[in-house]
Amino acid sequence: MANPIVTRFAPSPTGYLHIGGARTALFNWAFSRHTGGKMLLRIEDTDRERSTDAAVQAILDGLKWLGLNWDDEPIMQFSRAQRHAEVAQELLARGQAYYCYCSPEELNQMREEARAAGKPPRYDGRWRDRDPSAAPEGVAPVIRIKAPQTGEIIVQDHVQGKVVFKAENLDDFIILRSDGTPTYMHAVVVDDHDMGVTHIIRGDDHLTNAARQIVIYNGMGWTVPEMAHIPLIHGPDGAKLSKRHGALGVEAYRQLGYLPEAMRNYLARLGWSHGDDEIFSTEQMVKWFSLEDLNKGAARFDFVKLESINGHYIREATPDYLYGVMLSTAKEVGRDVDHAGLVANKDTVLAALPELKPRAKTVLELIDLGQFIYATRPLTIEAAAGELLTPEVREMLADLADILRGLNEWSVPSSDAAVRAYAEAKGLKLGKVAQPLRVALTGRTVSPGIFEVMVFIGKEEALARLAEQAQRR
RNA sequence: GCGCCCUUCGUCUAUCGGUUAGGACGGCACCCUUUCACGGUGCAGAGAGGGGUUCGACUCCCCUAGGGCGUACCA
């Protein structure tokens, strides 16, 4: 353990933890766990206007829910402003940076002229070699880094490979604002260095920033960390991920009924792979994770596949675990009736869960599927289900109620035998009898096996529901 | 505009010069079955286009097209 790996996740608290950020965190986490290193958390709150405490909390909650634990205390970037300023001063002292007294108007004009001339809009370096004594009165200067003017800057990236930027395309960007606060570019470098970050894994929207940041590393004579710029997640249309296409905060996925283990598995497969493996545990992911298996192309977010994977994890989960998630989800999304019903019928729900599991893709669906257990009469009948209840069918339900009432033993085999005998006597296929029963007992066309349903709700309730529908002739 | 990145079935991906281009989701068909699922079997479905390099390219190089990101005293 000579040089432990240190990764970091560095979100800005200007909103919830979105899906792309969650995946970036997942990869940082997996890599650090795989190598036995650390993953640090840094909240990039230097944008005082847009940063909020609520967002910080949402990010922490999101990471916790996903099971992505970080090492050490989270670092608040803004609290390090003084150190950022110090480094800027040192760069100044080293002759690697300089004061610039340009006004915003001057800068704008510079950009417009460059654009008009078909050139990249960059700072022209007019204060780079100017004597500070030429400084105008009363203007607070910014500090700019001296970027190389010739040659090239090479970003050696674990995902993108060797990426070359010509020095002429980089300008002397600002590292310290006129109010003395650091820019993002500068703060990131100083913090990553001070925190001992060895591997930077982040979205490839930062790839060009990497070149600029290398200029600062070089200016300070610091070692540039290893880098891995992962492709962004796109929406189903290939364009930017929009809200309706999955750009939701992770808490939204929780409220939609997705399991954290399913999210981890799904997200891991978006841009990373281990051969043909699709379903794998988090332990396996950690064991297999490697930067070399990261993809270069952007992936599209696909709710359907997420659902499929979520369904898999629901099927695999124990009733106890699922029951707990159903409770917390019902509570979180304000489904009070369901919450109360689940609490009052814990044993029955637990017993029914093995039957419910294979039918649900999300926890919300699981809750819906279990509603027949605590539903109160008059039972709400789904529209599609109600169409089945013709007068003849209601008559049949009355017959069935009579037969079932006479049963001495209330069990799956006994009701099964009784209903089958009835169907046979009437010359009906079992399905013709079972489906109306299902509708009368659950109000839906989808439910566990109908004899199991009868056992779950008990004889009294079953007969009462049957009677209710039979009477409406 | 300029710079950089990307491009295998509809989607996520395997392939690291030689494969009938494999898997998963989705779709379709069939089986199982009291519904719906689950499960099982099978089918359809891809190397953006054009040039090279090579005995041989999905794989290496170039061009084009399409998409993405960046181009702030935002992060």
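So that the names make sense, note that chain A is the first sequence line, chain B the second, and so on, each numbered from 1.
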Would you indicate, yes or no, if B/rA75 has its OP1 or OP2 atom less than 4.0 angstrom from a side-chain nitrogen or oxygen of A/T46?
-> yes
Using modelled atom types only, decide if a donor and an acceptor are shared between the side chain of A/N295 and the backbone of A/G297 within a distance under 3.5 Å.
-> no
Go through the structure and list residues passing side-chain hydrogen bond (donor to acceptor under 3.5 Å, both in side chains) with A/Y98, not counting sequence neighbours.
-> A/D172
Less than 3.5 Å between a donor and an acceptor, one on the side chain of A/R359 and one on the base of B/rC36, is that the case here?
-> yes
Donor-acceptor pair under 3.5 Å: do we get one between A/D276's side chain and the base of B/rG22?
-> yes
Between the base of B/rA37 and the side chain of A/K357, is there a donor-acceptor distance below 3.5 Å?
-> no
A/R269 side chain near B/rA24 phosphate (N/O to OP1/OP2, under 4.0 Å) = no
Would you kindly give the CZ-to-C1' distance between A/F451 and B/rU33, to the nearest whole Å?
-> 12 Å
State whether A/R212 places a side-chain N or O below 4.0 Å from either non-bridging phosphate oxygen (OP1 or OP2) of B/rG70.
-> no
Per atom distances to the A/D302 side chain, the nearest of B/rC36, B/rU11, B/rC73 is B/rU11
With a non-hydrogen cut-off below 4.0 angstrom, is A/R300 in contact with a base, only sugar-phosphate, or nothing?
-> sugar-phosphate
Indicate, with a heavy-atom threshold strictly under 4.0 Å, whether A/L207 touches base, sugar-phosphate, or nothing.
-> sugar-phosphate
Could you check which of B/rC73, B/rU35, B/rC12 has an atom nearest any side-chain atom of A/Q435?
-> B/rU35
What does A/R444 touch in the nucleic acid at a heavy-atom separation under 4.0 angstrom: a base, only the sugar-phosphate, or nothing?
-> nothing
From B/rC5, B/rC12, B/rC25, nucleotide with atom closest to A/A299 side chain | B/rC12
For B/rC38, take OP1 and OP2 only and decide whether either is under 4.0 Å from a side-chain N or O of A/K361.
-> yes
Can you check whether A/N295 has a side-chain N or O nearer than 4.0 Å to OP1 or OP2 of B/rU13?
-> yes
Choose from B/rC38, B/rG3, B/rC25 the nucleotide whose nearest atom is closest to any side-chain atom of A/N169.
-> B/rG3
Does A/K357 use its side chain to pair, donor to acceptor, with the backbone of A/R315 at less than 3.5 Å?
-> yes
Between B/rC6 and B/rG51, how far is it from one P atom to the other, in whole Å?
-> 23 Å
Pairwise 5' ranking along RNA chain B for A/T181 and A/G431, keeping only the more 5' one = A/G431
Does A/R444 count as lying over the ring of A/F372, i.e. NZ or CZ under 6.0 Å from the six-ring centre, within 45 degrees of the axis?
-> no
With heavy atoms under 4.0 Å as the rule, sort A/S12 into base, sugar-phosphate or nothing.
-> sugar-phosphate
Candidates B/rC38, B/rC25, B/rG70 - which lies nearest the side chain of A/P358 | B/rC38
Of the listed nucleotides B/rG70, B/rU34, B/rC12, the one nearest the side chain of A/D205 = B/rG70
Among A/H206, A/H158, A/Q160, A/R202, which one satisfies side chain to side chain donor-acceptor pair (under 3.5 Å) with A/H229?
-> A/R202
Among residues 159-166 of chain A, which contact RNA chain B at a heavy-atom distance under 4.0 Å?
-> A/Q160, A/V163, A/V164, A/F165
Is any N or O donor-acceptor pair between the side chain of A/S178 and the base of B/rC73 shorter than 3.5 Å?
-> yes
Under 4.0 Å between any heavy atoms, over every strand shown, what does A/H229 touch: base, sugar-phosphate, or nothing? Just pick one.
-> nothing
Would you classify A/Y266 as touching base, sugar-phosphate or nothing, given that sugar-phosphate means primed atoms plus P, OP1 and OP2, and contacts are heavy atoms under 4.0 Å?
-> nothing
Note: A/E365-A/R359 ion pair, threshold 4.0 Å (strictly below) = no
Could you pick out which residue, A/G297 or A/D416, lies toward the 5' side of RNA chain B when each is mapped onto its nearest nucleotide?
-> A/G297
Separation of A/E316 atom CD from B/rG39 atom P, in whole Å?
-> 10 Å
Which part of the nucleic acid, if any, lies within contact of A/C102, taking any heavy atom under 4.0 Å across all strands shown: a base, the sugar-phosphate backbone alone, or nothing?
-> base
Residue of the set A/I201, A/L270, A/D204, A/D157 for which side chain to side chain contact (heavy atoms under 4.5 Å, CB included) holds with A/I230 = A/I201
With a 4.0 Å cut-off on heavy atoms, is A/R315 in touch with a base, just the backbone sugar-phosphate, or nothing at all?
-> sugar-phosphate
Give one of base, sugar-phosphate or nothing for A/G271, where a contact means two heavy atoms less than 4.0 Å apart.
-> sugar-phosphate
Sub-6.0 Å ring centroid separation between A/H274 and A/F280 = no
Expected output: side-chain A/N310 to main-chain A/L259 donor-acceptor under 3.5 Å = yes
What's the closest nucleotide to the A/L430 side chain, out of B/rC73, B/rU34, B/rA75?
-> B/rU34
Can you find a side chain N or O atom of A/S273 that sits less than 4.0 Å from OP1 or OP2 on B/rA14?
-> yes
How is A/P11 classified with respect to the nucleic acid when contacts are heavy atoms under 4.0 Å: base, sugar-phosphate, or nothing?
-> nothing
Reckon A/S308 touches a base, only the sugar-phosphate, or nothing at all at heavy-atom distances under 4.0 Å?
-> sugar-phosphate
Please assess A/R420 against A/E424 for the test salt bridge (charged side-chain N to carboxylate O under 4.0 Å, His left out), listing each intermediate value before the final yes or no.
-> CA-CA 6 Å; A/R420 273 180 205 277; A/E424 204 166 322; over 6 Å; no
Parallel, tilted or perpendicular for A/Y258 and A/F303, by the 30°/60° rule?
-> tilted
Shortest side-chain distance from A/K296, nucleotide among B/rC6, B/rA75, B/rG3 = B/rC6
Quick one: the side chain of A/R438 and the base of B/rU34, do they pair up donor-acceptor inside 3.5 Å?
-> yes
Can you tell me how far C1' of B/rC12 sits from CG of A/L232, to the nearest Å?
-> 16 Å
Starting at CG of A/L17 and ending at C1' of B/rA75, how long is that distance when rounded to a whole Å?
-> 15 Å
Using Watson-Crick or G-U wobble geometry with both distances below 3.5 Å, tell me the partner of B/rU11, or none.
-> B/rA24
